[in-house]
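In what follows, chains are A, B, ... by sequence order, proteins preceding strands, each numbered from 1. In this text, all values refer to a predicted model and were calculated from it rather than measured experimentally.
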There are 2 protein chains.
Amino acid sequence: MLDDVDRRILRQMQAAPELPNADLAARCDLTPATCWRRIEKMQASGVLNGQQAVIDWQALGYAVEVSLRITLDKTQTRAFDEFIEAARKVRHVIEIQTFLGRVDVRLSVIARDMPHYQQIYRERILTLPHIADIEALMHVARIKQGEALPL
Amino acid sequence: MLDDVDRRILRQMQAAPELPNADLAARCDLTPATCWRRIEKMQASGVLNGQQAVIDWQALGYAVEVSLRITLDKTQTRAFDEFIEAARKVRHVIEIQTFLGRVDVRLSVIARDMPHYQQIYRERILTLPHIADIEALMHVARIKQGEALPL
DNA sequence: GATGAAAAATCTGTGAC
DNA sequence: GTCACAGATTTTTCATC
């Protein structure tokens with residue numbers, strides 16, 4: 001379903017995402033047309049989901065990032081869905097992951113500074129439905145994020 | 001440092017990252033040239049760090065994702081740096097975050113299936129230096145990731 | 001069914017206003 | 001901030017393997 005040529009393209013796209021198609025093709029030892037067609041096929045099959053703008057929160061003035069691990073009160077059937085739905089709407093929640101096990105959900109929350117974070121936490125997070133337990137970790141740095149991957 | 005026009009551009013870039021500059025400008029009620037210059041300025045100031053290709057691991061055949069919380073043995077001064085440096089080199093580690101508090105590091109690891117994960121865990125993760133404690137959570141879904149942000 | 005070459009349509013980035 | 005243009009790039013088409 002995915003051959004070596006495709007893998008080569010993906011690898012190069014990760015290494016240099018903004019490269020024009022012609023240059024990308026050159027690095028993969030392909031002609032621009034072939035390279036382009038491969039990319040289209042991968043997009044059609046869902047392996048590639050386009051590009052995403054990388055925004056630096058720190059430079060934008062968001063100095064604080066906190067990772068919250070949340071356990072839900074699952075005595076109510078719809079607890080999970082209701083919580084996720086509500087959490088999605090909180091603008092300062094930039095990441096939601098769900099898990100199997102003792103912890104149900106992890107949220108990443110950004111804020112301008114600590115007072116701002118406290119405000120978001122009290123008004124936006126603690127008011128989310130069905131929370132049984134929360135544990136917070138203050139974020140220091142994001143060292144690696146989707147760069148070099150096993151291809 | 002960043003006015004409403006810039007915010008509007010960033011918001012649109014997140015909503016539709018692949019849009020040509022001209023269309024992006026139209027959605028922000030700007031002329032293409034103005035929009036372009038704003039983007040350049042934001043790139044220069046470090047707010048915008050280009051684009052990143054979004055690859056779907058599941059479609060690529062990586063069915064398993066595990067989140068590992070690691071506490072380090074900090075009795076040795078260089079423990080932290082040595083651990084991070086070693087972890088960066090592991091290809092199946094797709095994310096590394098560091099924290100302030102009881103837990104030091106969080107890693108996201110992907111694998112083709114559970115046997116493959118077990119192999120990576122034993123050979124690539126447990127062999128990392130200075131680990132005092134590990135806790136693993138099996139990932140179910142990534143529901144939100146850098147889409148709608150507070151701008 | 002996939003490739004390569006080349007032409008047509010489109011976009012970017014610059015310079016003048 | 002706007003307008004227009006030259007150069008570069010993407011995307012199609014067509015012949016080929």
Letter per nucleotide, 5' to 3', of nucleotides 2-17 of chain D [B base touched, S only sugar-phosphate touched, - untouched; heavy atoms, 4.0 Å]: BB-----SSSSB----
B:Cys28 and its side-chain contact (heavy atoms from CB on, under 4.5 Å) partner, picked from B:Ile9, B:Val5, B:Thr34, B:Asp6: B:Ile9
Residues A:Asp104, A:Phe83; criterion side chain to side chain contact (heavy atoms under 4.5 Å, CB included); working and verdict: CA-CA 11 Å; A:Asp104 298 297; A:Phe83 175 84; over 6 Å; no
Nearest-Å distance for atom pair CZ/C1', residues B:Arg38 and C:dG13: 17 Å
Aromatic plane relationship, A:His116 with A:Tyr62 - under 30° parallel, 30 to 60° tilted, over 60° perpendicular: tilted
Integer-rounded Å distance: C:dG13 P and B:Leu24 CG: 13 Å
Distance-only side-chain donor-acceptor flag, B:Arg106 / B:Ser108, under 3.5 Å: yes
Ion pair check, B:Arg38 and B:Asp3, cut-off under 4.0 Å: yes
